[in-house]
Asks: 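Dumping the structure here so I can ask a few things about it.
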Amino acid sequence: MPLLWISLSFISGIVLASLLSLPTWAWILISAFCLLLFIVLRSFSSRLPSTFILHPLSLLLPVFLFLGSAYYQFRQPNIDAFHIAFYNDRNYDLLITGSLSEPPDYRDSYTNLKLNVEALDTGSGDMPANGEILVRVAENENYEYGERIRVRGQLKTPPENEEFSYRDYLARSGVYSYMTTAEVTRLPGNGGNIFFKPVFALKAMLLENTYRIFQDPEASLFAGILFGVDTGLSRKLQEAFKNTGTAHIIAISGFNIAIIAGLFFSISKFFFNERLGAFISVVMVFLYAFLVGGDAAVLRAALMGSLALFARQVGRKNAGINTLAIVALFMALINPLVLWDIGSQLSFFATLGLILYAEPSPTYTAALTS
């Protein structure tokens, strides 16, 4: 199972780099030394007694271990004068220009905006800057993904305490600064990803129609189950779900992805051939994943479902533990800090438990082989 051990080695390297801070070049140098040692040992393996010959993979794993460490260090932000986090905790207001990198997060008494910074004005004119910030604004305004705005306020470092680190929570999404209060000025033009714009516009339309058809709390419950938007639920109702152990009902999980994949695969293969049906199913799974926000648990389920469909089409048996390890590696490449996300940890270990100890039902087995 080489893919399993390679993935675990790379991920272990990320954890190692979080505990032992070395520059990227140092980790690469150590990895190169391990690779050179591997080549030398392989060259002389025929001359060594059989008791000293190790499996080639065991000699190569340290290379992936230290490559993981190098990758983690490489992905750390460079907080210099051109990074917005450099201006945290200053005792004066800043003017920050940027575009919304995510749809607005509407709450009862405020709205959270995630801003991709373009320029910064400390009082002497705009200068280029990069990074992302979280801005809290008044609740009586509507915003759109990609909209360009300018905010005025003081930047702060997100807080942390013994119970919860808001700083680490925001860092996992690339945010190292936030404004608790801000004045907002709308600007002409529009930023954002061309592909994401129609997806988020579709989500906004679906949510609007949901609240038009249903009344609360049913509308908010439906939005949470289907679209992963649980901000409309009252605090009392959210506490009731937590206290009864049913909060997973309003969280997007592998169950939702399985329904989407199975539905579109069944429909598509009826009108087209099975391979084209599998391709359409994968596309719809990832569109749904982006639609609902694409958090770690959803992305994990989407990737595993897509790999399972791919394995079936190429006639290979889907080894669940290998698939899980490959998905973990892929997600760590996207964002190394996902390893510290509690939702991602719970999702992966729950899936691992199902792979190791759960047996598929006869109905499920028959459906796979039909």
Side-chain angles (χ1 to χ4, degrees), residues 1-48 50-78 168 171-174 294-297 299-308 310-311 314 316-356:
M1 303 169 69
L3 290 177
L4 171 64
W5 298 114
I6 289 172
S7 299
L8 290 178
S9 296
F10 192 90
I11 291 170
S12 298
I14 292 175
V15 176
L16 175 63
S18 71
L19 300 174
L20 180 61
S21 181
L22 291 176
T24 304
W25 63 264
W27 291 118
I28 294 176
L29 193 62
I30 297 172
S31 180
F33 174 78
C34 291
L35 180 60
L36 180 63
L37 184 62
F38 165 76
I39 295 172
V40 171
L41 290 175
R42 287 285 291 171
S43 300
F44 290 96
S45 61
S46 58
R47 305 177 188 178
L48 295 174
S50 58
T51 54
F52 292 97
I53 298 177
L54 299 175
H55 192 281
L57 184 61
S58 64
L59 301 174
L60 197 58
L61 288 181
V63 178
F64 292 101
L65 174 74
F66 296 118
L67 278 178
S69 300
Y71 184 73
Y72 173 85
Q73 197 61 43
F74 173 75
R75 289 292 302 271
Q76 298 308 298
N78 181 26
D168 292 342
R172 285 193 285 271
S173 59
D295 63 15
L299 185 58
R300 191 273 311 159
L303 287 169
M304 289 197 70
S306 300
L307 287 175
F310 175 77
V314 298
R316 299 294 297 270
K317 184 178 179 181
N318 180 29
I321 194 165
N322 269 355
T323 304
L324 185 63
I326 294 170
V327 169
L329 172 62
F330 184 77
M331 292 181 64
L333 288 172
I334 296 175
N335 180 10
L337 295 178
V338 75
L339 300 179
W340 287 269
D341 181 83
I342 188 65
S344 175
Q345 293 173 7
L346 290 173
S347 175
F348 271 93
F349 282 112
T351 306
L352 180 62
L354 291 173
I355 292 171
L356 294 178

Asks: Does any non-hydrogen side-chain atom of Trp27 lie less than 4.5 Å from one of Thr24?
Replies: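 Heavy-atom side-chain distance check fails, nothing below 4.5 Å.
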Asks: For Leu303 and Phe330, run side chain to side chain contact (heavy atoms under 4.5 Å, CB included): C-alpha distance rounded to whole Å, both residues' side-chain angles, the deciding distance at 0.1 Å, then the answer.
Replies: CA-CA 9 Å; Leu303 287 169; Phe330 184 77; 3.5 Å; yes
Asks: Kindly indicate whether the side chain of Leu8, heavy atoms from C-beta on, has any atom under 4.5 Å from the side chain of Leu329.
Replies: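 Not touching, per the 4.5 Å side-chain cut-off.
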Asks: Can you find a heavy atom in the side chain of Ile14 that is under 4.5 Å from one in the side chain of Phe10?
Replies: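 The answer is yes, as the side chains (C-beta and beyond) meet within the 4.5 Å cut-off.
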Asks: Looking at every heavy atom in both Ile28 and Ala70, which two are closest together, and how far apart are they?
Replies: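 Closest heavy-atom pair between Ile28 and Ala70: CG1-CB, 3.7 Å.
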Asks: For the atom pair CD1 (Ile39) and CG (Leu60), what is the distance rounded to the nearest 0.5 Å?
Replies: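 Going from the CD1 atom of Ile39 to the CG atom of Leu60 covers 9.5 Å.
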Asks: Test your reading of the model: is there a side-chain donor-acceptor pair from Ser9 to the backbone of Leu65, 3.5 Å cut-off?
Replies: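 No, Ser9 side chain to Leu65 backbone: no donor-acceptor pair under 3.5 Å.
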Asks: If you take all heavy atoms of Leu324 and Met304, which pair is closest and at what distance?
Replies: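 So the two residues come closest at CD1-SD, 3.7 Å.
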Asks: Nearest 0.5 Å, what's the CD1-CG distance between Ile342 and Asp168?
Replies: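 Interatomic distance, Ile342 CD1 to Asp168 CG, rounded to 0.5 Å: 12.5 Å.
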Asks: Nearest 0.5 angstrom please: Ile326 CD1 to Leu4 CG, how far?
Replies: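 Between Ile326 CD1 and Leu4 CG, I get 9.0 Å after rounding to 0.5 Å.
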Asks: If you compare all heavy atoms of Leu16 against all heavy atoms of Phe66, which two are closest, and at what distance to 0.1 Å?
Replies: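 Heavy atoms only, the tightest pair is CD2-CE2, 4.1 Å.
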Asks: Does Asn335 reach the main-chain N or O of Arg172 with its side chain, forming a donor-acceptor pair under 3.5 Å?
Replies: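 At least one qualifying donor-acceptor pair exists.
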Asks: Taking all atoms of both residues into account, what is the closest heavy-atom pair of Gly13 and Ser69, and its distance?
Replies: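 Looking at all heavy atoms of both residues, the closest pair is O-OG, 2.7 Å.
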Asks: Is the backbone of Tyr72 close enough, under 3.5 Å, to the side chain of Gln76 for a donor and an acceptor to pair up by distance?
Replies: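 Checked: pair present.
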Asks: Under a 3.5 Å distance rule, please check whether Arg75 uses its side chain to pair with a backbone N or O of Leu333 as donor and acceptor.
Replies: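 Here the side-chain-to-backbone pair exists.
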Asks: To the nearest 0.5 Å, tell me how far Tyr71 OH sits from Ile11 CD1.
Replies: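 Spacing of OH (Tyr71) from CD1 (Ile11) equals 12.5 Å.
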Asks: Using the side-chain hydrogen bond (donor to acceptor under 3.5 Å, both in side chains) criterion, which residues pair with Thr351? Sequence neighbours excluded.
Replies: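 Partners of Thr351 by the side-chain hydrogen bond (donor to acceptor under 3.5 Å, both in side chains) criterion, ordered by chain and then number, come out as Arg300.
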Asks: Answer whether the closest heavy-atom distance between the side chains of Val327 and Met331 falls below 4.5 Å.
Replies: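 Touching, per the 4.5 Å side-chain cut-off.
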